[in-house]
A.B. asks: 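One structure, as structure tokens, below. Some questions next.
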Amino acid sequence: MRLLLDLRNTKNPAEREQLAREADECGIWGVVVTGLQGGECVEASAIAIATSHVVVVVDIDGQNVHPTTLAEEISVLDQIAQRRTMIIFRGPSSSRTVVTTLLSGLPSEGLILSPPPAQASIPVHSPEEIPQVDLPEDLTEAAAVIDRHRDLPAAFLIVSWDRSIKELARHFVGRATSTDFPQMVADMADQIDPINQ
Amino acid sequence: MNIGIGLWCLQSTATSPRSFGQAYQDLTGDAQLAEANGIHSLWLSEHHGYYDGYCPALMPAASAALAATQNIHIGTGVLLLPLHEPQRVANAANLLNERSQNRFHLGLGMGYRPIEYEIKQKNISQRLQLMNAGLDEIKAHTTAPTWVGISSEKAAERAGRRGLGLFISGAFSKEVVNTLIRAHRNAWEKSDPSEDSPPPVGLLRNLWIVDSEIERRQALDWVRSSYLVYAGLGWGADNTGVDFVSEIETSMDEVEKSATVGSAEQIAEELDGYDVDLVVCRIGYDQPPRSALTEVIERIGRELTPLVNNSRGKQ
């Protein structure tokens, strides 16, 4: 299971960018961003430029917008992000079908995206496909939440986390990917290299 | 008078193929280079569904360039408004300005390719109505500096009446440019404006700084060849009476005549005759090698910009 840090409720752009950088540095798999309708890929593009490795997951409002416009914006974003784009799509299923088809490099109603996505195919998910949680501050309780979702099994988990990104990475990235995460190592790391909140 | 550069189209053409990843990396690199050399702005251009990947989504591209820089302004020259949902455009423009401390400029145009209207399931015969309704919505919902790309007096008047800036196409003679500016100014004055000063005027110019006749010929060949792209797109410049598709050589001759190629001093003298706030030097051709493009960006910033800033043009 891969962790996606939720930045959708972080109001300050500079703070969003800083958190995305920290997630990038600490090996969080993805960050989730959004914006007012039409601004989603603008926000994602700025985050992509500020980071190098983290996947930029864009929560997009597909209501009352031509699906080709959305696919064009996402494809350009994927070129900017150098294959680090993933989509959460909210909108009509007919639009989602067109967007998914175009972002797979296939034609829809005779149109092929140009430029194409940088990835072979950009993943498009509906919101209900990816669970999301507010991780408890208590590390033991949070670990139980991670374990539960990992064992569902879930491919992704969106987490809201108000504490240090390094702490999130230290305690939960490995736990999310392994059923025998050595918690002792993370606990000892906290003693050797304490994380200042 | 401010000096910008354009038009970044992010293409991979048949003439000069490249990876799109490289094109988008070059965009941010070029914006940083232009910023380091004191250039005011960099402008992007939009088309849809063209084989060479001509950028169909300017707002994410603008966001990347703004995020990679601190001072330079980034503009759309132009975003084809009738092909978008205006409220989404306004939201994106507002976010770009919020994120960049007001360094984003929203240039808007109508487009002319029937296939682009077909792709977006819009009726091209309605494009003027779509444009006017879109401009009103943009004016109401964004504070981003807004420019309207125009090629006719009527279009200039529409922009002037709304208190919006002008972004004048690159292939016009000085006489045509001045006519368009007058139409814009007159319409603005008749609109009983609340602002003290008229909306700004930007001028796109095919331009290259050279030191010799050999370089001059080379630059003019680049300008000519760049219009192959527009011939492919089916472009026609309304006021020149030139059909860019069927009369490609004639078209290139016309474009060459309107190009401004020479030393920085010669170019500054030529630009001094225009009553405009911004000149966008059109250097984003697909033929020049990267080394020539980066050199001309440096020279526009270091040689031309100081000369023009000291000229009689509008400040």
Side-chain angles (χ1 to χ4, degrees), chain A residues 11-14 16-17 20-21 33-51 56 58 60-85 98 102 107-119, chain B residues 9-12 19-25 27-28 31-32 44 46-69 80 83-101 104 115-116 118-122 141-142:
Chain A
K11 300 296 179 205
N12 184 299
R16 287 196 297 271
E17 218 165 283
R21 278 200 194 92
V33 299
T34 192
L36 283 178
Q37 194 187 33
E40 301 100 325
C41 288
V42 166
E43 174 66 22
S45 179
I47 295 296
I49 290 295
T51 56
V56 183
V58 198
I60 289 184
D61 181 353
Q63 299 285 350
N64 304 315
V65 50
H66 198 287
T68 302
T69 300
L70 293 176
E72 288 172 334
E73 290 174 357
I74 296 163
S75 187
V76 164
L77 169 64
D78 198 46
Q79 294 292 347
I80 292 164
Q82 300 180 302
R83 302 184 174 90
R84 292 186 288 127
T85 310
V98 172
L102 289 170
S108 176
E109 296 180 5
L111 174 74
I112 299 174
L113 275 186
S114 181
Q119 298 175 66
Chain B
C9 313
L10 294 314
Q11 299 152 279
S12 174
S19 79
F20 290 114
Q22 187 65 53
Y24 284 86
Q25 274 193 348
L27 165 65
T28 53
Q32 289 165 339
L44 302 153
E46 169 180 314
H47 277 293
H48 298 263
Y50 199 46
Y51 85 96
D52 66 5
Y54 204 118
C55 187
L58 298 187
M59 300 308 225
S63 181
L66 287 164
T69 54
L80 306 178
L83 303 176
H84 295 264
E85 291 74 21
Q87 184 59 58
R88 290 183 85 252
V89 173
N91 287 344
N94 291 337
L95 179 58
L96 285 165
N97 257 351
E98 179 193 356
R99 291 198 64 110
S100 69
Q101 290 78 49
F104 175 68
I115 192 172
E116 297 183 343
E118 288 168 23
I119 288 169
K120 297 297 174 80
Q121 294 166 308
K122 309 254 187 187
H141 295 291
T142 181

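Quantities reported herein were computed from a predicted structural model and do not represent experimental measurements. Just so we're on the same page: letters track the sequence lines, and every chain starts at 1. What you see below is based on every heavy atom in this structure, not just the backbone, and it leaves out hydrogens, waters and symmetry mates.
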A.B. asks: Heavy-atom cut-off 4.5 Å, strictly under: side chain, backbone, both or neither for L70(A) against chain B?
C.D. replies: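 Side chain only.
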A.B. asks: Quick check for you: among V65(A), L113(A), D78(A), which has the greatest number of heavy-atom pairs under 4.5 Å with chain B?
C.D. replies: V65(A)
A.B. asks: Tell me, side chain or backbone of A46(A) under 4.5 Å from chain B's heavy atoms, or both, or neither?
C.D. replies: both
A.B. asks: Q11(B) versus chain A, heavy atoms under 4.5 Å apart: side chain, backbone, both or neither?
C.D. replies: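 For Q11(B), there is no contact with chain A at all, as no heavy atom is under 4.5 Å.
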A.B. asks: Could you give me the CA-CA distance, side-chain angles and deciding distance for E43(A) and R16(A), then say whether salt bridge (charged side-chain N to carboxylate O under 4.0 Å, His left out) is met?
C.D. replies: CA-CA 10 Å; E43(A) 174 66 22; R16(A) 287 196 297 271; 2.7 Å; yes
A.B. asks: Of the backbone (N, CA, C, O) and the side chain (C-beta and beyond), which part of E98(B) lies under 4.5 Å from a heavy atom of chain A, both, or neither?
C.D. replies: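 The side chain, not the backbone.
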A.B. asks: Using non-hydrogen atoms only, which part of E73(A) is less than 4.5 Å away from chain B: side chain, backbone, both, or neither?
C.D. replies: both
A.B. asks: Let's test your reading of the structure: which of G39(A), P115(A), A44(A), P116(A) forms the most heavy-atom pairs below 4.5 Å with chain B?
C.D. replies: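 Top count of heavy-atom pairs under 4.5 Å with chain B: P115(A).
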A.B. asks: Give, as side chain, backbone, both or neither, the part of N94(B) having an atom under 4.5 angstrom from any heavy atom of chain A.
C.D. replies: neither
A.B. asks: Is chain A contacted by the side chain of L83(B), its backbone, both, or neither, given a heavy-atom distance below 4.5 Å?
C.D. replies: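 The answer is the backbone of L83(B).
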A.B. asks: Heavy-atom distances under 4.5 Å only: say whether Y50(B) touches chain A with side chain, backbone, both or neither.
C.D. replies: backbone
A.B. asks: Name the option with the most non-hydrogen atom pairs under 4.5 Å to chain B; the candidates are L111(A), T69(A), L36(A), L77(A).
C.D. replies: T69(A)
A.B. asks: Name the region of T28(B), side chain, backbone, both or neither, that has any atom closer than 4.5 Å to a heavy atom of chain A.
C.D. replies: side chain
A.B. asks: Please enumerate all residues that pass salt bridge (Lys or Arg N to Asp or Glu O under 4.0 Å) together with E72(A), with sequence neighbours excluded.
C.D. replies: K120(B)
